[in-house]
A.B. asks: 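Can you read through this structure? Questions will come right after.
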Amino acid sequence: MEKAYQPKEVEDRLYQFWEQEGSFQGNADADNPPYSIVIPPPNVTGVLTMGHVLNNTIQDILARRARQRGFSTLWLPGTDHAGIATQTKVEQQLRKEGKNKYDLGREGFLQHAKEWRDKHGGIILKQLRKLGCSCDWERTVHTLDPDYSQAVLEAFVRLFNHGYIYRGKRMVNWCPVSRTALSDEEVIMKPQNGKLYRIRYELVDSPGEYLHVSTTRPETIMGDVALAIHPQDERWPSLKGRKVRRPLQPAEIPIIADEAVEKDFGTGMLKITPAHDPLDFEIGKRHHLEIIDVLEEDGTLNDLAGPEFSGMDRFEARQASVEKLRQQGDLIEEEDHANNVGFSERADVPIEPRLSEQWFLRYPRVEEAKRAVSEGFIRYFPERWTKTYLHWLENIQDWCISRQLWWGHRIPVWYRKGEPRNNPENWHVSLAGPEDPENWEQDEDVLDTWASSWLWPIATMGWPNPNAMKEQGLDYFYPTSALVTGPDIIFFWVARMIMAGLEFKGDPVDPQTKLSDEEIRKRIPFRDVYFTGIIRDSKGRKMSKSLGNSPDPLDLIEKYGADGLRYGIMSIAPKGQDIRFSEERIEQGRNFCNKLWNLSRFRHMADEQPHQSTLADILGRIDPVHLNQDDHAILLRLVQTLDEVDRLYSEYEFNSVLHSIYRFFWNDLCDWYVENSKPRMRGGQGKQTCLAVQDLCLRQVLLLLHPVTPFITEELWKVLGFSGGQSIQWNSPGTGMELHGLLQNAGIKPDPLALEEMLAIRELVTSMRALKAERNLANNNRVEFSYLCEDAKSKILDKHLSSLLSSVGAADLKRVKEAPVGMPALVTDFGSVYLDLASGIDIGAEKIRLNQELEALKKIILSIENKLSNSAFTEKAPTQVVEGAKRQLADNLAKRKETEDALRALS
RNA sequence: GGACGGCUAGCUCAGUUGGUUAGAGCGACUGGUUUACACCCAGUAGGUCACAGGUUCGAGUCCUGUGCCGUCCACCA
């Protein structure tokens with residue numbers, strides 16, 4: 001074996017081995033219980049980020065652990081076509097070539113985009129293999145695959161037939177750069193420092209008299225159709241029904257009263273521009289006002305804005321209109337104003353509220369979706385996200401699902417040629433299209449990407465084709481066991497998947513019929529949802545390409561190994577908390593792997609001939625007669641650790657899982673058990689038993705770690721002969737209870753007292769080491785010690801004497817009857833230990849140190865005495881707490897006496 | 001404006017229903033090649049648990065309020 005672990009020699013080889021063995025295949029026909037996860041499909045043209053590393057490592061841990069425990073496991077991978085994002089990229093690239101999408105035409109553009117996708121796409125799936133992800137690659141799905149596309153359209157048609165989908169001219173969020181409508185969820189509110197302009201409007205029937213109105217958007221004044229005041233605003237008793245003159249594109253517009261106007265904001269008077277503001281649109285509808293749309297789809301002003309502004313960009317027009325108003329004397333005031341402006345998530349420009357014909361979805365199964373989570377059929381980890389989820393559902397708005405793009409699933413609606421499109425009688429909605437296509441034209445728009453990915457858990461497994469569903473095991477694997485994703489897409493994706501599952505899985509149910517709880521259980525797409533944190537850099541900033549603070553995971557794999565990266569990232573991922581990334585943690589992951597490698601190497605070297613060591617072999621090699629207290633203690637800790645890890649996994653406490661394994665492996669096994677084993681390993685009766693106990697611990701550690709660090713554990717599994725010809729993947733660490741049972745059957749009965757003894761002995765060893773270290777005595781300087789203690793404790797100490805001497809690096813530890821004179825001392829729970837020094841101790845310094853200890857003890861004693869003399873405490877506190885305090889007082893009193901003795905002995 | 005999360009050692013974080021003297025890793029410092037590992041070992045220092053009240057025999061933990069950081073939601077022009 002190499003002196004240090006070399007991940008590169010291992011990782012590709014083992015990954016290939018697993019794939020060749022077909023380890024990752026999810027088989028629906030197995031006799032085992034199912035465990036399934038669908039991957040949150042990454043953007044097909046994306047590359048691996050640290051966020052993906054975190055997310056997919058967690059999924060891999062869950063999948064591998066399930067495989068170990070005998071579940072028939074499917075981790076289903078795939079990619080998303082990412083409508084706007086991909087189309088934007090392709091268009092950008094076309095622009096570099098001096099072309100645009102209209103040059104190519106719809107078909108040509110799609111062809112081009114597909115080629116581009118196939119060339120640049122799918123990189124991320126290769127990167128996931130590098131990370132060790134155990135996806136069933138043969139089942140990789142892309143949202144634009146023919147079968148998947150059929151599912152998306154089928155869902156549309158079904159929803160349409162059930163009356164959930166309608167077409168309407170409504171206010172939508174319009175992105176002038178992508179030139180498409182967006183859903184509310186794709187709009188990000190950003191605080192902006194803008195201006196609030198106060199404009200005057202002249203009263204028509206009273207020239208020279210003006211009303212003042214505040215606005216942040218003077219460029220839309222030409223679209224004003226009214227001014228509005230609050231009906232109860234006593235400041236303007238007689239305004240209603242009168243008219244004012246619009247200062248740009250002059251026209252007479254009425255003054256109306258509407259409840260929606262805030263009396264206390266600005267001047268209390270609102271200009272109404274129904275075409276360019278959602279609130280104004282609503283008010284306009286209530287008052288049957290005209291709609292004057294002065295903006296084009298690219299954000300420039302049109303002829304309705306007047307010749308001076310026509311063709312001007314909206315921001316340019318803002319300046320120009322302010323200038324014009326100023327010249328006319330209509331601009332009264334201009335002040336700085338902070339407000340929130342909606343930005344397009346993708347194009348990062350302010351969106352325009354815009355009136356347009358779009359397809360909308362009234363969400364199906366909203367009530368059931370609430371119940372699914374509030375009743376715990378679906379469990380959220382951390383649980384607090386349920387509140388966010390429910391709040392969104394309470395206030396749910398219809399979903400604008402049409403996008404003015406080409407890259408995506410084209411809406412399966414045809415219109416009769418030459419007839420008005422807004423009349424449903426001229427619509428044809430189906431998968432196959434009309435029988436006389438020459439008389440129809442298909443809707444030009446595509447569906448929102450999320451209107452395809454919300455079907456992910458069912459459409460990746462053959463839905464709605466009954467044969468495909470059977471073949472791909474939908475009924476077997478569904479509901480999937482766990483979903484791992486970021487809370488940022490709880491509305492985009494998680495909530496919608498739940499509603500899609502409830503609506504589409506199983507037999508169709510008409511909209512009026514509510515689903516029973518039993519039916520909800522069957523239809524939900526997943527049982528547990530684990531929300532990861534967001535990975536931030538060491539300064540707490542979000543990782544982003546523009547900041548350049550996002551490390552390339554592949555570089556990290558190159559440097560520290562995939563296992564090191566996985567261990568590192570998982571060890572710093574507290575449940576649901578954001579994660580501060582630091583490369584040092586990844587380095588620690590690598591160091592951990594190396595430690596594991598070296599303990600294995602040590603074990604390997606102890607036996608010249610590596611043998612096959614199945615669990616039964618190992619247990620058979622343990623002779624109960626030769627078990628000492630160390631053995632008992634480590635076996636107990638092993639049993640404890642197995643249980644602890646199980647419990648922590650059930651709560652998705654991954655970093656605690658690692659911490660628990662770390663403590664057992666590093667602190668208990670390496671630092672204590674193996675160190676204490678060294679004398680026994682030199683030979684003698686206990687050797688074989690000792691090695692077998694090591695084997696058992698090491699074997700279980702490998703099994704526990706395998707989900708987290710799959711490569712190194714598989715390699716060591718073979719090197720150490722644990723495999724019995726079988727991959728580690730198919731072996732479970734089992735529970736603590738199971739192991740305990742196996743030990744009992746083998747005649748091994750771990751002594752519960754051994755652990756307590758061990759801990760006390762450890763404390764003693766630490767004190768003795770400290771006595772040496774403080775005097776700069778090298779570890780291997782075999783000095784002598786004396787100790788003072790009670791008989792009972794002396795007995796325990798005798799049992800451990802030899803390993804204790806070797807751990808400390810001591811030549812002897814003699815029991816004495818009274819405090820030896822002139823020696824440095826430390827007082828422990830076990831009694832007082834004295835370091836035997838021939839000469840040269842600094843009596844003054846020793847006195848100072850002991851006096852400090854004494855002071856600390858006195859303080860503690862005082863506080864316990866106060867507590868115990870307080871009758872309220874002794875009466876009200878539980879007896880065990882009071883007893884504990886009494887014992888504590890006795891211990892500390894004893895320590896005080898010994899410290900005083902030690903002090904006296906110094907003088 | 002509303003909701004949620006965080007504030008514990010220099011840094012990153014544990015601390016499970018209130019109950020011994022608040023822990024770990026990293027970093028710092030001191031010493032160390034004893035038959036695995038310097039990607040290691042041994043040891044030392046380092047904390048008014050954000051702040052102010054309250055409940056309690058007892059509060060890092062529960063309640064109220066405040067501050068700072070972060071996230072999400074929301075039609076004040």
Side-chain angles (χ1 to χ4, degrees), chain A residues 1 3-5 171 189 196 213-217 228 260-262 264-267 269-273 277-282 337 339-340 353 382 384-385 387-388 391-392 395 487-488 490-491 534 536 538 540 560 564 571-572 574 576-580 582 584-585 587-588 590-606 647 651 655-656 659 662-663 667 670-671 674-675 678 681-682 766 769-774 776-780 806-809 856-857 859-860 863-864 867 870-878 880-882 884-885 887-889 891-892:
Chain A
M1 287 174 83
K3 195 172 173 185
Y5 174 54
M171 220 50 180
M189 300 306 284
L196 187 62
V213 176
S214 291
T215 179
T216 54
R217 301 209 56 195
V261 181
E262 293 280 337
D264 300 329
F265 188 85
T267 59
M269 189 163 286
L270 181 61
K271 74 185 197 63
I272 305 299
T273 321
D277 183 276
L279 177 64
D280 293 6
F281 178 70
E282 291 304 317
H337 180 69
N339 66 338
N340 283 325
R384 65 187 148 86
W385 291 111
K387 210 170 165 179
T388 307
H391 181 257
W392 185 73
N395 299 286
D488 49 332
I490 190 167
F491 312 136
I534 293 167
R536 302 175 172 280
S538 56
Y560 303 107
S571 72
I572 52 174
Q577 235 33 74
D578 284 1
I579 294 141
R580 294 282 180 105
S582 86
E584 279 171 10
R585 305 303 293 257
E587 198 180 326
Q588 287 167 35
R590 182 215 35 200
N591 295 354
F592 182 86
C593 291
N594 191 239
K595 184 81 175 174
L596 182 63
W597 179 263
N598 270 291
L599 180 66
S600 303
R601 192 162 72 97
F602 181 61
R603 174 64 190 88
H604 193 250
M605 290 186 318
R647 182 179 60 79
E651 291 297 317
N655 65 329
S656 301
H659 190 67
Y662 180 99
R663 268 209 334 265
N667 302 136
C670 292
D671 292 349
V674 172
E675 285 308 317
K678 283 177 179 174
M681 286 167 70
R682 292 196 192 100
T766 301
R769 282 171 173 168
L771 278 174
K772 286 177 70 179
E774 278 163 20
N776 285 343
L777 299 170
N779 289 350
N780 59 352
S806 89
S807 318
V808 175
L857 281 170
K859 255 173 133 175
I860 294 166
S863 88
I864 305 172
K867 201 193 278 187
N870 181 349
S871 58
F873 172 72
T874 47
E875 280 162 24
K876 292 189 183 176
Q880 61 205 34
V881 174
V882 178
R887 199 170 39 230
Q888 192 193 343
L889 179 64
D891 289 350
N892 282 293

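Below, chain A is the first sequence line, B the second, and so on; all start at residue 1. These figures come from a predicted structure and were not determined experimentally. Hydrogens, waters and symmetry mates are skipped; everything else that's a heavy atom, side chains included, is used.
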A.B. asks: Going by purine N1 to pyrimidine N3 plus the second Watson-Crick contact, or the G-U wobble pair, all under 3.5 Å, which nucleotide sits opposite B:rA42?
C.D. replies: B:rU30

A.B. asks: State whether A:N340 places a side-chain N or O below 4.0 Å from either non-bridging phosphate oxygen (OP1 or OP2) of B:rA74.
C.D. replies: no

A.B. asks: Side chains of A:L279 and A:L270: closer than 4.5 Å at any heavy-atom pair?
C.D. replies: yes

A.B. asks: What is the separation between atom NZ on A:K859 and atom C1' on B:rU20, rounded to the nearest whole Å?
C.D. replies: 17 Å

A.B. asks: Using 0.5 Å steps for rounding, measure from the CD1 atom of A:I490 to the OG1 atom of A:T388.
C.D. replies: 5.5 Å

A.B. asks: In whole Å, measure the gap between the C1' atoms of B:rA28 and B:rU66 for me.
C.D. replies: 36 Å

A.B. asks: Only pairs with both distances under 3.5 Å count, Watson-Crick or wobble alike; so what is the partner of B:rC37 in this structure?
C.D. replies: none

A.B. asks: With rounding to the nearest 0.5 angstrom, report the CH2 to NE2 distance, A:W597 to A:H604.
C.D. replies: 9.5 Å

A.B. asks: With the side chain counted from C-beta on, respond yes when A:S600 and A:M1 share a heavy-atom pair under 4.5 Å apart, and no when they do not.
C.D. replies: yes

A.B. asks: For B:rC7, which nucleotide is its Watson-Crick or G-U wobble mate, given both distances must be under 3.5 Å?
C.D. replies: B:rG67

A.B. asks: Between B:rA36, B:rG5, B:rA77, which one does the side chain of A:V261 approach most closely?
C.D. replies: B:rA77

A.B. asks: Need one value for A:P353: base, sugar-phosphate or nothing, where a base atom within 4.0 Å counts as base even if backbone is also close, heavy atoms only.
C.D. replies: nothing

A.B. asks: Grab the CG-P distance between A:N339 and B:rC75 for me, whole Å please.
C.D. replies: 14 Å

A.B. asks: Describe the nucleic acid contact of A:A877 in one word from base, sugar-phosphate, nothing, applying a heavy-atom distance below 4.0 Å.
C.D. replies: base

A.B. asks: Report the base-pairing partner of B:rC72 (Watson-Crick or G-U wobble, both distances below 3.5 angstrom), or none.
C.D. replies: B:rG2

A.B. asks: For A:K595 and B:rC39, is the shortest distance between a side-chain N/O and OP1 or OP2 below 4.0 Å?
C.D. replies: no

A.B. asks: At less than 3.5 Å, do the side-chain atoms of A:N892 and the base atoms of B:rU21 form a donor-acceptor pair?
C.D. replies: yes

A.B. asks: Does B:rC39 have its OP1 or OP2 closer than 4.0 Å to a side-chain nitrogen or oxygen of A:K3?
C.D. replies: no

A.B. asks: Grab the NZ-P distance between A:K876 and B:rG18 for me, whole Å please.
C.D. replies: 17 Å

A.B. asks: For a quick check of understanding: with a heavy-atom distance under 4.0 Å over all strands, which category does A:T766 fall into, base, sugar-phosphate or nothing?
C.D. replies: sugar-phosphate

A.B. asks: Is it the case that over 12 heavy atoms from other parts of the model lie below 6.0 angstrom from the NE2 atom of A:H391?
C.D. replies: no

A.B. asks: Between atom CG in A:D578 and atom P in B:rG5, what is the gap in whole Å?
C.D. replies: 14 Å

A.B. asks: As an exercise, state the distance from OG1 of A:T216 to CG of A:D277, rounded to the nearest 0.5 Å.
C.D. replies: 8.5 Å

A.B. asks: Which part of the nucleic acid does A:R536 contact within heavy-atom distance under 4.0 Å: base, sugar-phosphate only, or nothing?
C.D. replies: sugar-phosphate

A.B. asks: Pick the closest RNA chain B nucleotide for A:V881 and for A:D671 by heavy atoms, then say which residue is nearer the 5' end.
C.D. replies: A:V881

A.B. asks: Measure from the side-chain heavy atoms of A:N870 and tell me the nearest of B:rG43, B:rC57, B:rC4.
C.D. replies: B:rC57

A.B. asks: Could you tell me the separation between the OG1 atom of A:T766 and the CG atom of A:L771, rounded to the nearest 0.5 Å?
C.D. replies: 11.0 Å

A.B. asks: Return the value, rounded to whole Å, for the distance between atom CZ of A:F592 and atom C1' of B:rC26.
C.D. replies: 16 Å

A.B. asks: Taking atom P in both B:rG15 and B:rG58, what distance in whole Å separates the two?
C.D. replies: 26 Å

A.B. asks: Does some side-chain heavy atom of A:S807 sit less than 4.5 Å from a side-chain heavy atom of A:E675?
C.D. replies: no

A.B. asks: Mind checking the C1' distance from B:rG46 to B:rC11? Whole angstroms is fine.
C.D. replies: 13 Å

A.B. asks: OP1, OP2 of B:rG43 versus side-chain N and O of A:R769: anything below 4.0 Å?
C.D. replies: yes

A.B. asks: Once you apply a heavy-atom cut-off of 4.0 Å, does A:C593 come out as touching a base, just sugar-phosphate, or nothing?
C.D. replies: nothing

A.B. asks: Got a donor-acceptor pair under 3.5 Å from the side chain of A:E675 to the base of B:rA36?
C.D. replies: yes

A.B. asks: What is the pairing partner of B:rA77, taking Watson-Crick or G-U wobble pairs with both distances under 3.5 Å in any strand?
C.D. replies: none

A.B. asks: Using atom P of each nucleotide, how far apart are B:rG54 and B:rG60 to the nearest Å?
C.D. replies: 15 Å

A.B. asks: As a test of reading the structure: which of B:rU21, B:rG19, B:rA36 is closest to the side chain of A:S863, going by heavy atoms?
C.D. replies: B:rU21

A.B. asks: Nearest to the A:T388 side chain among B:rC72, B:rC40, B:rU16, which nucleotide is it?
C.D. replies: B:rC72

A.B. asks: To the nearest angstrom, how far is A:M681 atom CE from B:rU34 atom P?
C.D. replies: 17 Å

A.B. asks: Sticking with atom P, work out how far B:rG1 lies from B:rA14, rounded to a whole angstrom.
C.D. replies: 30 Å

A.B. asks: Looking only at atom C1', what distance separates B:rC4 and B:rG43, rounded to whole Å?
C.D. replies: 44 Å

A.B. asks: Would you indicate which nucleotide in B:rC4, B:rC57, B:rA24 comes nearest to any side-chain atom of A:K387?
C.D. replies: B:rC4

A.B. asks: Between B:rC40 and B:rA50, how far apart are the P atoms? Round to whole Å, please.
C.D. replies: 33 Å

A.B. asks: So what does A:F281 touch, heavy atoms closer than 4.0 Å: a base, only the sugar-phosphate, or nothing?
C.D. replies: nothing

A.B. asks: When you compare B:rU8 with B:rA24, how far apart are their C1' atoms, in angstrom units rounded to a whole number?
C.D. replies: 13 Å

A.B. asks: Taking only the side-chain heavy atoms of A:A4 (C-beta and beyond), determine which of B:rC4, B:rC39, B:rU21 contains the nearest atom.
C.D. replies: B:rC39

A.B. asks: Does B:rC13 pair with anything, Watson-Crick or G-U wobble, both distances under 3.5 Å, and if so, with which nucleotide?
C.D. replies: B:rG23

A.B. asks: Looking at B:rC4, B:rA36, B:rC39, which one has an atom nearest to any side-chain atom of A:F602?
C.D. replies: B:rA36

A.B. asks: If we call it a pair only when both distances are under 3.5 Å in a Watson-Crick or G-U wobble match, what pairs with B:rU48?
C.D. replies: none

A.B. asks: Please determine, for B:rU61, whether a Watson-Crick or G-U wobble partner exists with both distances under 3.5 Å, and give it or none.
C.D. replies: none

A.B. asks: Would you say A:Q588 places a side-chain N or O within less than 4.0 Å of OP1 or OP2 belonging to B:rC39?
C.D. replies: no

A.B. asks: Measure CZ/A:R590 against P/B:rC37 and give the value in whole Å, please.
C.D. replies: 16 Å

A.B. asks: From CZ of A:R580 over to C1' of B:rC69, roughly how many Å is that when rounded to an integer?
C.D. replies: 9 Å

A.B. asks: Classify the nucleic acid contact of A:Q888 as base, sugar-phosphate or nothing, counting any heavy atom under 4.0 Å across all strands shown.
C.D. replies: base

A.B. asks: Side-chain contact test, heavy atoms from C-beta onward, threshold under 4.5 Å: evaluate it for A:F602 versus A:M681 and give yes or no.
C.D. replies: yes

